[in-house]
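Letters A, B, ... mirror the listed sequences (proteins, then strands); counts begin at 1. Please read all numbers here as calculations on a predicted model, not as lab measurements.
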Amino acid sequence: MEGKIRVRFAPSPTGPLHIGGVRTALYNYLFARQHGGSMILRIEDTDQTRFVPGAEEYIIEALTWLGIEFDEGVHVGGKYAPYRQSDRKPMYREYAGQLINGGWAYYAFDTPEDLEAKRKEYEQEKKTFQYDASTRDAMCNSLTLSVEEVQQRLNDGMPYVVRFKFPADTEIHVDDLIRGEVVVNSSLLDDKVLFKSDGMPTYHLANIVDDHTMEITHVIRGEEWLPSAPLHVLLYKAFGWEDTMPRFAHLPLLLKPDGNGKLSKRDGDRLGFPVFPLQWTDPATKEISSGYRENGYFPEAVINMLALLGWNPGTEQELFDMSQLIELFSLDRISKSGAKFDLKKAHWFNHEYLVAKSDEELAELFSKVLENKSISSGFTYVAKVCGLVKERVNFVSEIWDQASFFFIAPESYDEAVIKKRWKENTPAIMQDVKNILNGLADFSEEHIHDSLQAYSEEKGLGMGQVMIPLRIALVGGTFGPDLQVIANMLGKEEVIRRIDRILQTVK
RNA sequence: GGUCCGUUCAUCUAAGGGUUAGGAUUCAAGAUUUUCAUUCUUGCCAUAGGGGUUCGAAUCCCCUACGGACUACCA
């Protein structure tokens, strides 16, 4: 590929970064890294009314957590600074003027009320009003007003916007790396506002100007931008920047798991999975939205899952770390259709990453769970417990559900199991078991097993009649790892205590 | 309503004219586990519909249906 690849991730700080946005960032990152290019974070905050405090910090923190790094951006600087559009404000007016001078744009003085009235008027006739070549002559703008009138209004400081003057009836070709060539007729497009009356550019102007001045080579963004891509292409032409126009790649959308439609903020907590990387508290309403991180997902699992939602390497491999993704990623293997989020598969991914961690790593994480429960235990012991139960959980927090009996005696016994397994002769058997275990000098797994086996053979009992009640006594139910291992780890004293307890509790 | 994009198992997807349409997740069954889980094996399940083109179509073309995005002085 010619020249150095430069891509950007350009979110708006209007709230927490949505998981679809994270995927867009990831694909940009993978593409940049693979080509030895640069990854840029640009903040598109041209809409002052939608600015949400903390959103920018949130975006940075979330991407950092996931291991998506930037070479340039608001938080790391760079030679194309500033990277926040509000900080670039002065330059846009000049570019808008350039378009007006070139006959590609014009001043429009219509007030929001004027436009609203126009829309209503059209609606009554079952038509849709569109500010374009067919209607602009009937509106209040620098194409209908005399040069003097326009100058007068500008001198008087009357509010105005700058609109793009879409040429009538020409075909605009957008060459998309994922979708191929998309052709749209210009008469279908409206004269988009490029520069707002508050002195700020709209997305369209700022985006093109910034991508050009920052020498962006590839624009990888969501499919929701496809309809406005023709405008962007024409804007490059209007500025005379066709030669350096970036290549476009419009990503398929992430859909709701149930029904249809774009994944939205509300879906997450409704369906029991996060739509945000990190937990977010809305500064205005104090409403809390859950995040992957807080829900116990590993960042590498989230990355892996997201990478495969809309892309695959064409092989049957499904587990990838970031460096493998960088190596294998390619835009032409991105699918065209939207992907639904699959909660079960997300769990599976996390499970795979959890199992792959060492017992010590898990112990490190699980220790925090224990701390919250005010339980202290030796690190080696905790690590051993983690190793024993990790195959059966998806999240670190679930280790507790599977292993609490390693730390505290069962507070109650599974009623259904008791009913089914606690027979009339069980108390007598348990009494014997207690005596046998109590008499063991060597409380190793082998000795525990051998002595109990010898006992059951001598009494002509099935092992189940001995082991299951013992398990209930130690664990509280019929689940958990190998019983000899549990008994050995608990130690003789604790085992005896738990047998006594169940003998007293269950009759 | 209009424009654009899309459509392979329930879900993520593979198969770039020739395969019994493959894998993964889920679900189900069996084996193993004296418990539960794991693990292993097996099974269920798909080319939206209709027309073409072709010896041959999931793949190319057209129509229909369905879904989505966009249609703001929001991004």
What's the closest nucleotide to the side chain of Val184(A) if the choices are U25(B), C4(B), U7(B)? C4(B)

His18(A) NE2 to C74(B) C1': how many Å, rounded? 16 Å

Glu123(A) CD - G2(B) P separation (whole Å): 16 Å

Over all strands shown, is Asp401(A) touching base, sugar-phosphate only, or nothing at heavy-atom distances under 4.0 angstrom? nothing

Just call it for Val193(A): base, sugar-phosphate, or nothing, with non-hydrogen atoms closer than 4.0 Å on any strand. sugar-phosphate

For a ring pair (Phe, Tyr, Trp, His ring centres under 6.0 Å) check, start with the C-alpha distance between Tyr107(A) and Tyr160(A), then their side-chain angles and the critical distance, and finish with the verdict. CA-CA 6 Å; Tyr107(A) 294 106; Tyr160(A) 68 89; 5.1 Å; yes

Any base atoms under 4.0 Å from Gly310(A), or only sugar-phosphate, or nothing? Heavy atoms, all strands. sugar-phosphate

OP1 or OP2 of U13(B) less than 4.0 angstrom from a side-chain nitrogen or oxygen of Asn312(A), does that happen here? no

Using the C1' atom in both, what is the distance from G16(B) to G22(B), to the nearest Å? 16 Å

Span that lies between the C1' atom of G18(B) and that of U54(B), in whole angstrom: 12 Å

Contact class for Ser197(A) vs. all strands (heavy atom < 4.0 Å): base, sugar-phosphate, or nothing? base

Could you state the atom-to-atom distance from CD of Glu113(A) to P of A72(B) in whole Å? 17 Å

Please classify the nucleic acid contact of Pro481(A) as base, sugar-phosphate, or nothing, using heavy-atom distances under 4.0 Å. base

Using the ring of each side chain (for Trp, its six-membered ring), is Phe407(A) parallel, tilted or perpendicular to Trp400(A), with breaks at 30° and 60°? parallel

Between C5(B) and U19(B), how far apart are the C1' atoms? Round to whole Å, please. 31 Å

Mind running ring pair (Phe, Tyr, Trp, His ring centres under 6.0 Å) on Phe395(A) and Tyr297(A) for me, showing each step along the way? CA-CA 7 Å; Phe395(A) 297 96; Tyr297(A) 284 86; 4.9 Å; yes

For Asp332(A) and A14(B), what is the distance between atoms CG and P respectively, to the nearest whole Å? 12 Å

Separation of the P atoms in A14(B) and U8(B), to the nearest angstrom: 10 Å

RNA chain B: Asp190(A) or Gly477(A), which has the more 5' nearest nucleotide? Gly477(A)

Under-3.5 Å donor-acceptor pair between Lys192(A) side chain and A72(B) base: no

From the options Lys89(A), Arg84(A), Gln85(A), select the one residue that forms a side-chain hydrogen bond (donor to acceptor under 3.5 Å, both in side chains) with Asp87(A). Arg84(A)

Which listed nucleotide (G23(B), C5(B), G6(B)) is nearest to the side chain of Glu318(A)? G23(B)

With the side chain of Trp225(A) defined as its heavy atoms from C-beta on, choose the nearest nucleotide among A15(B), A75(B), C12(B). A75(B)

CA sep, side-chain torsions, deciding dist, call: Tyr292(A), Phe276(A), ring pair (Phe, Tyr, Trp, His ring centres under 6.0 Å): CA-CA 7 Å; Tyr292(A) 281 88; Phe276(A) 301 118; 9.3 Å; no

Rounded to whole angstrom units, what separation is found between the CD1 atom of Ile334(A) and the C1' atom of C12(B)? 15 Å

Closest-nucleotide mapping onto RNA chain B: is Asp45(A) or Leu309(A) further toward the 5' terminus? I mean the 5' end. Leu309(A)

Pairwise C1' distance, U41(B) and A46(B) [rounded to whole Å]: 24 Å

Side-chain N,O (Thr46(A)) to OP1/OP2 (A75(B)) below 4.0 Å: yes

If you draw a 6.0 Å radius around NZ in Lys390(A), do more than 12 non-hydrogen atoms from other residues or ligands fall strictly inside? yes

When the C1' atoms of U34(B) and A24(B) are compared, how many Å lie between them, rounded to an integer? 34 Å

Say we look at A58(B) and U53(B): how far apart would their C1' atoms be, to the nearest angstrom? 16 Å

Separation of C73(B) C1' from Leu194(A) CG (nearest whole Å): 11 Å

So Asp482(A), base contact, sugar-phosphate only, or nothing? Heavy-atom distance under 4.0 Å. base

Can you figure out which of C70(B), A14(B), U25(B) approaches the side chain of Trp348(A) most closely? U25(B)

Step by step, work out the side chain to side chain contact (heavy atoms under 4.5 Å, CB included) result for Phe9(A) and Leu63(A). CA-CA 11 Å; Phe9(A) 178 58; Leu63(A) 296 176; 4.0 Å; yes

Length of the line joining Phe349(A):CZ and C12(B):C1', which is rounded to integer Å: 8 Å

How is Gln317(A) classified with respect to the nucleic acid when contacts are heavy atoms under 4.0 Å: base, sugar-phosphate, or nothing? nothing

Partner nucleotide, any strand, of A10(B) [Watson-Crick/G-U, under 3.5 Å]: U25(B)

Can you measure Phe129(A) atom CZ to G2(B) atom P for me and round it to whole angstrom units? 20 Å

Does a side-chain N or O of Ser335(A) approach OP1 or OP2 of U13(B) to a distance below 4.0 Å, or not? yes

P spacing across the pair U26(B) / C60(B), given as an integer number of angstrom: 32 Å

Donor-acceptor pair under 3.5 Å, Arg179(A) side chain vs C5(B) base: no

Go through U35(B), U38(B), U34(B) for me and flag the one nearest to the Phe479(A) side chain. U35(B)

Is the distance from OP1 or OP2 of C36(B) to the nearest side-chain N or O of Arg471(A) less than 4.0 Å? no

Partner of C55(B) under the Watson-Crick or G-U wobble criteria, both distances under 3.5 Å, comes out as G18(B)

For A31(B), the Watson-Crick or wobble counterpart (both distances under 3.5 Å): U39(B)

Taking only the side-chain heavy atoms of Val182(A) (C-beta and beyond), determine which of A69(B), C5(B), U25(B) contains the nearest atom. C5(B)

Using the rule given for ring pair (Phe, Tyr, Trp, His ring centres under 6.0 Å), can you reason through Phe166(A) versus Phe164(A), listing the C-alpha separation, both sets of side-chain angles and the distance that settles it, and then say yes or no? CA-CA 6 Å; Phe166(A) 252 111; Phe164(A) 188 65; 5.2 Å; yes

Between A69(B), U35(B), A75(B), which nucleotide has the shortest distance from any of its atoms to the side chain of Leu253(A)? A69(B)

Whom does U3(B) pair with, Watson-Crick or G-U wobble, provided both distances fall under 3.5 Å? A69(B)

Would Lys345(A) and Glu318(A) pass as an ion pair if we require N to O under 4.0 Å? yes

Arg119(A) side-chain N/O to G1(B) phosphate OP1/OP2 under 4.0 Å: no

Within the structure, does a side-chain N or O atom of Lys196(A) lie under 4.0 Å from either OP1 or OP2 of A75(B)? yes

